[in-house]
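The next block holds one structure in the form of structure tokens; read it before the comments.
Only a predicted model underlies this, so the values are computations on that prediction, with no experimental measurement involved. The chains referred to below are lettered A, B, ... by the order of the sequence lines, with proteins before strands, and numbering in each begins at 1.
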There are 4 protein chains.
Amino acid sequence: MIPTSAAPAARRRGRPPDPHSRSRILTAAETLLDQAGYLNVTIDEVATRAGVSKKTVYRFWPHKPALICDLIVERSAVLPVPDTGDTRAELATLFSLIVEYLTAGPGSTMTLLVAATSDDPGTLAKLREQVVAPRRDIARNVFQRGIARGDLPADVDIDAVLDLWHGLVAYRVTGRPAALPRHTVEQLVDLAMSGHVPRLPPT
Amino acid sequence: MIPTSAAPAARRRGRPPDPHSRSRILTAAETLLDQAGYLNVTIDEVATRAGVSKKTVYRFWPHKPALICDLIVERSAVLPVPDTGDTRAELATLFSLIVEYLTAGPGSTMTLLVAATSDDPGTLAKLREQVVAPRRDIARNVFQRGIARGDLPADVDIDAVLDLWHGLVAYRVTGRPAALPRHTVEQLVDLAMSGHVPRLPPT
Amino acid sequence: MIPTSAAPAARRRGRPPDPHSRSRILTAAETLLDQAGYLNVTIDEVATRAGVSKKTVYRFWPHKPALICDLIVERSAVLPVPDTGDTRAELATLFSLIVEYLTAGPGSTMTLLVAATSDDPGTLAKLREQVVAPRRDIARNVFQRGIARGDLPADVDIDAVLDLWHGLVAYRVTGRPAALPRHTVEQLVDLAMSGHVPRLPPT
Amino acid sequence: MIPTSAAPAARRRGRPPDPHSRSRILTAAETLLDQAGYLNVTIDEVATRAGVSKKTVYRFWPHKPALICDLIVERSAVLPVPDTGDTRAELATLFSLIVEYLTAGPGSTMTLLVAATSDDPGTLAKLREQVVAPRRDIARNVFQRGIARGDLPADVDIDAVLDLWHGLVAYRVTGRPAALPRHTVEQLVDLAMSGHVPRLPPT
DNA sequence: CTATAATCGAGACGGTACGTCATGTCTTACT
DNA sequence: AGTAAGACATGACGTACCGTCTCGATTATAG
């Protein structure tokens, strides 16, 4: 057989880390999370399903919440809301992405994870910096484009509006399970378009 | 008139459960919950502090989540929003009660509790019927009084408005920690007063 | 005038104890003992099977070992070895009664009960006074009749012989389960008849 | 010659059990057993004293009786009765070792242990195979040496004699507490030496 | 005929041990 | 060096039995 590997310079010693492990652990954790819920995810079970030892899991993450946190970080695709020139359409897109994220996507675990991590500021901070903040920036951009186009008042309290939207969706998922009808979503977008939303205080 | 008196109630036998124990357990659990958080509440510790055996705890509740559930049920005082004739003031009162409930009150444990109960539909149902629903009814009344007075449009989608408000507060507490400034609250009340909120679809 | 009934014996007031309870409890305990063994006998279960409350059980006996003790006491029929004039036949009868008692009768629990009661001198004493001692007296009589008839040496160490016999049977039941063949029993009786057994030391 | 070497033994993986733990647990259990008796031995306490977690205890043994069983197995030193050429002296030594074993040694727990294991045939079998049987073999050898030397009849029913001896001692310890005087022991040895003991049936 | 007093069945109670399980760390042997 | 297997300390879980203690019903004597 032909000796492949053309003398890779600066040979590292020892067995190289398995690049697949990390993602296999994340996949296993995700499956379990969906099936059993956060509190029933077991590191033992994750390791078994990933065909990996617990040691390896703990090499990548210091503890369970950190693992779940990363799971959410990596699975939280950035909000794809292209600049189409149509402010109303962009807001509608944004809203439906929020719904999808919090309903079926990784965001549905967020609330719970945050609750379970309430005594672990580090993981909590990471979650906010790497998941919440980037998404919020994108969402904010959508509003700012609308303001720039003159479609939205300049003093719209963007964060308040986004928190209202996120909050509504999240609450209908966990707190008081109920559907979110199409027309309610459209009304909320219309209210934003017409400026009937919280405004920033005059500086 | 037919006296709809219920059946003779099938005489119970044996020593009745000590209602004293029950409330002492709940009190101990509440203290622990406030001090250490849901995940650190221990049945052993609750029993010890209540001066009660573990067996007695498990006689009243089948497992930890059920205990905490009852704790929240009993401690979730009904929303006291008296009919003052002033719709705007009543809405403001309602909003601040929501804030208080979700920030410092029993509502702050709800998320984790709901998660821990995910495989116990009974407890979950109880939580919703005895805590969420009654509070929602009271809140709805405040809006209906406003409608009756002509201060609010008849087709306000009350549940949507309340979910928006609850959601915003909950999200600012857990998901994206941020203060909820006074003026934002007032703007939200004003928007409701002016009817710039979701409406029910025409039937 | 009728003399007011000489000494009405201080008539007790209140509901009289149910005379059946005691024996029904003993019967239930006996059944359970046979089925599940001493360590698996539960007062709860005994009470349930006897159709009686635990309170009633504890009215008759202070604790579990005492109940089992009484069970053995009452079920240990006195050794019926009639004086037939035939010493050898009487010894054989005695031996087979010992075998029956320790193998299938109440005696089979004795060893265990004694072990379990090792820290309860009171119950232990009762057991010895009311069960072991009376049986021993009868057994001793059989030997003394043999001595009186001149069939046995006067200095036979009766207690040693009886302890040898009891010990052998008990050991074959619990310590080293094995059958006790007929011919072994006969040999032991023969050895006693021929005086080849421990003797009392010369006083 | 065929090398009867066993299979390559299917290489075990993972961290091997710490043999240190095992013996420390046994030591702790032994201390507790001596101090408090079988029924008062607590796995929690054993684990604490051994500086070991309960889990570790349950890794080695499935339940308490199994632990105590192993304790007795390991602490039951084989009967040291050297071949001195003097049959009578050897029998006396054997008898006194039996007394010591059943009086102060591990044998005194046997009864309760056997009872506690009544629904676990495996543990029971182990107890008999590894404790009772080896001791019996040694004891039997002493008699067989005596037979070979011509000091004892060839058809002595060794097991019967040994069961008589064990039974007597055990009975005087538990069933009918009484001293076992020196002269009684000597008489029993003499009876064996003179062949006045049960014999095997002619085959 | 009512008051008093005891027993009864049912079962809650404090205590204590049980045996199981999850977390996060550490060890061994293999690659 | 990195890994899979898996033992380890810690500590909560929920269950079982013991012996005690109510509760309301029942059943007798006493007045």
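The residue B/V57 sits apart from the nucleic acid: no heavy atom pair falls under 4.0 Å. In this structure, C/K64 reaches the sugar-phosphate backbone alone: every heavy-atom distance under 4.0 Å involves primed, P, OP1 or OP2 atoms, never a base. Looking at heavy-atom distances under 4.0 Å, A/V46 makes no contact with the nucleic acid at all. Among the protein residues, C/F60 comes within range of no part of the nucleic acid, since none of its heavy atoms lies under 4.0 Å from any strand.
Heavy-atom distances to DNA chain E give each of B/G51 and D/H63 a nearest nucleotide, and the one nearer the 5′ end belongs to B/G51. Nearer the 5' end of DNA chain F, as judged by each residue's closest nucleotide, is the contact made by D/D18, out of D/D18 and C/P62. In terms of position along DNA chain F, the nucleotide closest to D/V52 lies nearer the 5' end than the nucleotide closest to the other residue of the pair B/I43 and D/V52.
Side chain C/R15 to base E/dC8: no donor-acceptor pair is found below 3.5 Å. The base of E/dG24 lies close enough to the side chain of A/K54 for a donor and an acceptor atom to sit less than 3.5 Å apart.
Regarding C/W61, its CH2 atom lies at a distance of 15 Å from the P atom of F/dC18, rounded to whole Å. With rounding to whole Å, D/H20 atom NE2 is found 18 Å from F/dA7 atom P. B/R24 places its CZ atom 11 Å from the C1' atom of E/dG14, with the value rounded to the nearest Å. The CG-P distance, from B/D44 to F/dT10, rounds to 17 Å in whole Å. Atoms CG (C/L39) and P (F/dA16) sit 18 Å apart, rounded to a whole Å. Atom-to-atom, CG of A/N40 to C1' of E/dA22 comes out at 11 Å; the value is rounded to the nearest Å. Atom C1' of nucleotide F/dC18 and atom CD1 of C/I68 are separated by 14 Å, given to the nearest angstrom.
An OP1 or OP2 oxygen of F/dG11 is reached within less than 4.0 angstrom by no side-chain nitrogen or oxygen of B/T42. Checking the phosphate oxygens (OP1, OP2) of E/dC13, a side-chain nitrogen or oxygen of B/R59 falls inside 4.0 Å. Between B/S53 and the phosphate of E/dT16, there is no side-chain N or O to OP1/OP2 separation shorter than 4.0 Å. Listed pair C/T56 / E/dT7 fails the phosphate criterion, with no side-chain N or O lying under 4.0 Å from OP1 or OP2.
The two residues C/A29 and C/L71 come nearest to each other via the heavy atoms C-CD2, 4.1 Å.
Remark: side-chain polar atoms of D/T117 are paired, donor with acceptor, to backbone N or O of D/L113 under 3.5 angstrom. The backbone N or O of C/V52 sits nowhere less than 3.5 Å from a side-chain atom of C/T56 that would complete a donor-acceptor pair.
In this structure, B/K64 fails the cation-pi test against B/Y58, since its NZ or CZ atom is not both closer than 6.0 Å to the six-membered ring centre and inside 45 degrees of the ring normal.
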Applying side-chain contact (heavy atoms from CB on, under 4.5 Å) to A/I25 and A/W61, what does each step give before you reach the verdict? CA-CA 11 Å; A/I25 293 168; A/W61 299 275; 3.6 Å; yes

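Listed nucleotides E/dG19, F/dG6, E/dT23 differ in distance to D/Y58; the shortest reach to its side chain belongs to E/dG19. If you check E/dC26, E/dA10, F/dC17 against the side chain of C/K55, the one that comes closest is E/dA10.
B/R22 and B/E74 are joined by a salt bridge, as a carboxylate oxygen and a charged side-chain nitrogen come within less than 4.0 angstrom of each other.
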